[in-house]
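Down below is the structure, laid out as C-alpha cells.
Predicted model only: the values in this text are computed from it and were never measured.
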Amino acid sequence: MRRIAVAGASGLIGNALVRSLTADGFEVRRLVRRAARDPQEVCWDPEQEYVDAAGLAGCDAVVNLAGAGVGDRRWSEAYKQRIHDSRVLGTRALARAVAALDERPGVLVNGSAMGIYGETGDRIADEDAPPGRGFLPELCVEWEAAAAPAEEAGVRTVFARTGLVVARQGGAWGRLFPLFKAGLGGRIGDGRQYWSYIALHDEVAAIRHLLDRDDLSGPFNLTAPEPLTNREITSAMGRVLGRPTVFAVPAPMLRTVLGEMAGDVLGSARVVPRRLLESGFRFAFPGIDDAIRAALA
C-alpha cells in the first residue's frame with residue numbers, strides 16, 4: 001500500500017494522519033472542495049455528491065474523515081442539515097466513485113462516531129451494542145449505510161467509530177485546555193456521565209492499523225480501553241496541568257447555552273474498543289493522564 005486518498009485532510013484527525021503517512025513515505029492524495037492544483041489533489045463537492053473519480057485511480061486505500069464539525073456551533077435546523085449532508089452525501093458520493101473504478105482500492109476506512117450508541121448510562125457498549133435514538137445516533141447509522149456501494153463492490157470497508165480525541169489543536173479537548181490552564185475548568189453537570197476518549201496519537205495509529213490489516217472490516221470503536229466519568233477526567237486535567245478544578249457548569253446553564261447539543265455533552269457514553277483490542281492493537285496512551293501529557297508535548 002503506497003498511495004492513499006484522504007477526505008477531510010485539513011481536519012484535526014485528517015491532518016495528523018496525512019503527516020504520519022507522508023513521514024513514512026506514502027503518497028497522499030487530498031480531496032479538496034475546489035479545482036485541483038496539482039496531481040496530489042482530487043476535486044470533490046460532498047453536498048453535491050460529486051467526486052473526480054479519475055483522481056482516485058491507482059489509490060490503494062481511501063480514508064474518509066470529512067464532515068462539518070458537530071461541536072462547532074449551536075445546532076440550528078440548518079446546521080444539523082449541514083452536519084448530515086457533509087457526512088451522508090459525501091460518503092455516498094465517495095463510495096459510488098470507488099465502486100465505479102476499474103481498479104478499486106483495497107479498503108475504504110470511513111469515519112463514524114461513538115455517538116451511534118447514544119446514551120449508554122453505566123452500560124458498557126462495544127461494537128455489538130445497538131444504535132441509540134436521537135439526532136447523532138440516527139445520523140451515524142445513515143452515515144455508515146451510505147458506504148454500501150463500496151461494500152457491495154467488494155471493497156473492504158471499515159467504520160472508525162471515534163470517541164473524544166484528546167488533542168490541543170482542535171475538537172472538544174481543544175476548547176477544554178485553555179479553560180483548565182486558566183484555572184476555570186471543572187465538571188460538567190453532575191460529572192457522572194462517562195466520556196470515552198482517545199489520544200490523537202492512538203487515533204492515527206488505529207486508523208493505520210485498520211488500513212494495514214486485510215482481515216479487518218466493519219465497525220471498530222476508536223476509544224481508550226477504560227472510559228472515565230467527566231468528574232474523573234476533570235480531576236486528571238487539574239492534576240496534569242497543576243490547576244484547581246473548583247468550577248462546575250450546571251446542567252440548566254449548559255442547556256441554555258448549547259441547546260439540543262447539550263444532551264450529548266451531558267449524556268453518558270461508556271464505549272469500549274473490544275474489536276480493536278482483539279485485533280492486536282496496542283494503545284500507546286491508554287490512560288487519561290498520559291493522553292493529556294501527549295497532547296501537551
What distance do [X] atom [atom1] and [Y] atom [atom2] have between them, rounded to the nearest 0.5 Å?
| X | Y | atom1 | atom2 | answer |
| --- | --- | --- | --- | --- |
| Gln193 | Leu228 | CD | CG | 12.0 Å |
| Leu200 | Leu17 | CG | CG | 10.0 Å |
| Tyr197 | Thr223 | OH | OG1 | 9.5 Å |
| Arg192 | Asn230 | CZ | CG | 12.0 Å |
| Arg187 | Arg231 | CZ | CZ | 5.0 Å |

Quiz item: Who pairs with Asp122 by side chain to side chain donor-acceptor pair (under 3.5 Å), at least two apart in sequence or on another chain?
Solution: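 In terms of side chain to side chain donor-acceptor pair (under 3.5 Å), with neighbours along the sequence ignored, Asp122 is linked to no residue.
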Practice problem: Taking side chain to side chain donor-acceptor pair (under 3.5 Å) as the test, write out the residues that go with Trp173, two or more places apart. | Solution: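 With neighbours one apart ignored, the set is empty.
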Between [X] and [Y] (salt bridge meaning N to carboxylate O under 4.0 Å), is one present in this structure?
| X | Y | answer |
| --- | --- | --- |
| Arg34 | Glu41 | yes |
| Arg161 | Glu144 | yes |
| Arg33 | Glu47 | yes |
| Arg133 | Glu119 | no |
| Glu77 | Lys80 | yes |

Looking just at side-chain N and O atoms, do [X] and [Y] make a donor-acceptor pair shorter than 3.5 Å?
| X | Y | value |
| --- | --- | --- |
| Trp143 | Thr91 | yes |
| Tyr117 | Asn221 | yes |
| Thr157 | Glu151 | no |

Would you say that more than 12 heavy atoms from the other residues, nucleotides or ligands in this model lie under 6.0 Å from the [atom1] of [X], or not?
| X | atom1 | value |
| --- | --- | --- |
| Asp215 | CG | yes |
| Glu226 | CD | no |
| Arg123 | CZ | yes |

Quiz item: Taking it one step at a time, do Ile116 and Glu138 satisfy side-chain contact (heavy atoms from CB on, under 4.5 Å)?
Solution: CA-CA 7 Å; Ile116 195 169; Glu138 292 165 14; over 6 Å; no
Between [X] and [Y] (side chain of the first, backbone of the second, donor and acceptor by atom type, cut-off under 3.5 Å), is there such a pair?
| X | Y | answer |
| --- | --- | --- |
| Glu127 | Arg275 | yes |
| Thr22 | Val18 | yes |
| Arg92 | Pro46 | no |

Taking all non-hydrogen atoms of both residues, which atom of [X] and which atom of [Y] are closest, and how far apart?
| X | Y | result |
| --- | --- | --- |
| Ala66 | Trp44 | CB-CZ2, 3.6 Å |
| Ala291 | Val166 | O-CG1, 3.7 Å |
| Pro149 | Ala146 | CD-O, 3.3 Å |
| Leu65 | Gly111 | CD2-CA, 4.4 Å |
| Tyr194 | Ser268 | N-OG, 2.9 Å |
| Pro286 | Ala224 | O-CB, 3.6 Å |

Quiz item: Quick one: salt bridge (Lys or Arg N to Asp or Glu O under 4.0 Å) pairs with a partner in residues 197-210, sequence neighbours left out?
Solution: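 Residue pairs passing salt bridge (Lys or Arg N to Asp or Glu O under 4.0 Å), neighbours aside: Asp24-Arg208.
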Quiz item: Do Arg168 and Phe177 meet the cation-pi criteria used here (NZ or CZ under 6.0 Å from the six-membered ring centre, within 45° of the axis)?
Solution: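 Checked: cation-pi criterion not met.
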Quiz item: Under 6.0 Å from the six-membered ring centre of Phe26 and within 45° of its axis: does the NZ or CZ of Arg2 meet both?
Solution: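 Checked: cation-pi criterion met.
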Quiz item: Do Phe285 and Phe283 have their ring centres less than 6.0 Å from each other?
Solution: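 Between Phe285 and Phe283, the centre distance exceeds or equals 6.0 Å.
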Self-check item: Stepwise side-chain contact (heavy atoms from CB on, under 4.5 Å) test for Ile4 and Arg29
Solution: CA-CA 6 Å; Ile4 301 176; Arg29 292 188 179 175; over 6 Å; no
Answer yes if [X] and [Y] sit in the same cluster of Ile, Leu, Val, Met, Phe, Trp and Tyr residues linked by side chain heavy atoms under 4.5 Å apart, and no otherwise.
| X | Y | result |
| --- | --- | --- |
| Leu241 | Leu176 | yes |
| Val32 | Leu12 | no |
| Val272 | Trp195 | no |
| Leu108 | Val158 | no |
| Val42 | Val63 | no |

Practice problem: Verify side-chain contact (heavy atoms from CB on, under 4.5 Å) between Val62 and Val109, making sure each step is shown before the conclusion. | Solution: CA-CA 6 Å; Val62 176; Val109 174; over 6 Å; no
Quiz item: Testing Leu164, Thr120, Leu136, Leu222 for side chain to side chain contact (heavy atoms under 4.5 Å, CB included) with Met114, which one passes?
Solution: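 So the option named by the test is Leu164.
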Quiz prompt | Intermediate values then yes/no, salt bridge (Lys or Arg N to Asp or Glu O under 4.0 Å), Arg274 and Asp128 | solution = CA-CA 9 Å; Arg274 177 182 59 80; Asp128 291 333; 3.0 Å; yes
Quiz item: What do the steps show when you test Leu276 against His209 for side-chain contact (heavy atoms from CB on, under 4.5 Å), and what is the final call?
Solution: CA-CA 9 Å; Leu276 194 60; His209 176 77; 4.0 Å; yes
